[in-house]
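Contents: one structure, followed by commentary.
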Amino acid sequence: KEYPIIRTDEYCVGGAACFFVGKKINFPGKIQLGETIQELNPRISKEVAEDIASRIISANDKRDFEKAWLILKDIEFI
């Protein structure tokens, strides 16, 4: 299963992660994205997941989508 192709006007990188786990949240906040990150990798604590979520949101807001995707993809190795 792959993350959906992103269109920045419809959803963000975090939104793609939410869609991946079946949540229809186009622009998740830190808590929503943190919960999604924990679903993707249950070994990640709530605090770490929310920190990762903040980094993804920050990169996305700066339109640095490549960085946001890299942060998201790295969660499988934590």
Side-chain angles (χ1 to χ4, degrees):
K1 194 169 176 183
E2 292 188 18
Y3 296 111
I5 301 298
I6 190 142
R7 288 192 49 197
T8 59
D9 58 335
E10 294 180 11
Y11 55 93
C12 64
V13 174
C18 289
F19 295 158
F20 186 77
V21 298
K23 298 178 183 178
K24 296 187 187 308
I25 306 171
N26 295 27
F27 297 94
K30 178 178 83 169
I31 292 171
Q32 293 168 313
L33 184 52
E35 291 169 351
T36 299
I37 289 168
Q38 285 188 288
E39 286 181 50
L40 292 168
N41 185 339
R43 296 180 313 236
I44 299 174
S45 71
K46 177 182 178 183
E47 294 78 20
V48 171
E50 288 182 2
D51 177 65
I52 293 167
S54 292
R55 292 176 28 228
I56 291 169
I57 292 167
S58 177
N60 198 79
D61 288 348
K62 293 175 185 169
R63 304 189 65 78
D64 189 350
F65 306 118
E66 184 175 341
K67 180 177 182 179
W69 280 113
L70 288 173
I71 295 166
L72 180 60
K73 288 178 181 180
D74 280 347
I75 67 168
E76 68 183 284
F77 301 111
I78 292 175

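Below, each value reflects all heavy atoms present in this structure, side chains not excepted, and no hydrogens, waters or symmetry copies. Because the structure is a prediction, the values reported are computed rather than measured. FYI, the numbering just counts along the sequence from 1.
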Atom pair CD/CG of Q38 and L33 - distance to nearest 0.5 Å: 10.5 Å
Side chain to side chain, E66 and D64, heavy atoms closer than 4.5 Å: yes
Distance-minimising heavy-atom pair for A53 and G34: CB-N, 3.7 Å
Residues N41, I37; criterion side chain to side chain contact (heavy atoms under 4.5 Å, CB included); working and verdict: CA-CA 6 Å; N41 185 339; I37 289 168; 5.6 Å; no
Euclidean distance, I44 CD1 relative to I75 CD1, rounded to 0.5 Å: 5.0 Å
Side-chain donor/acceptor pairs under 3.5 Å, residues 12-30, sequence neighbours excluded:
| residue | atom | partner | partner atom | Å |
| --- | --- | --- | --- | --- |
| K23 | NZ | T36 | OG1 | 3.1 |
| K23 | NZ | E39 | OE2 | 2.8 |
| N26 | ND2 | E10 | O | 2.8 |

Inter-residue atom distance I56.CD1 - L72.CG, 0.5 Å rounding: 4.5 Å
Counterpart residues, side chain to side chain contact (heavy atoms under 4.5 Å, CB included), relative to I31 (two or more places apart): E35, E50
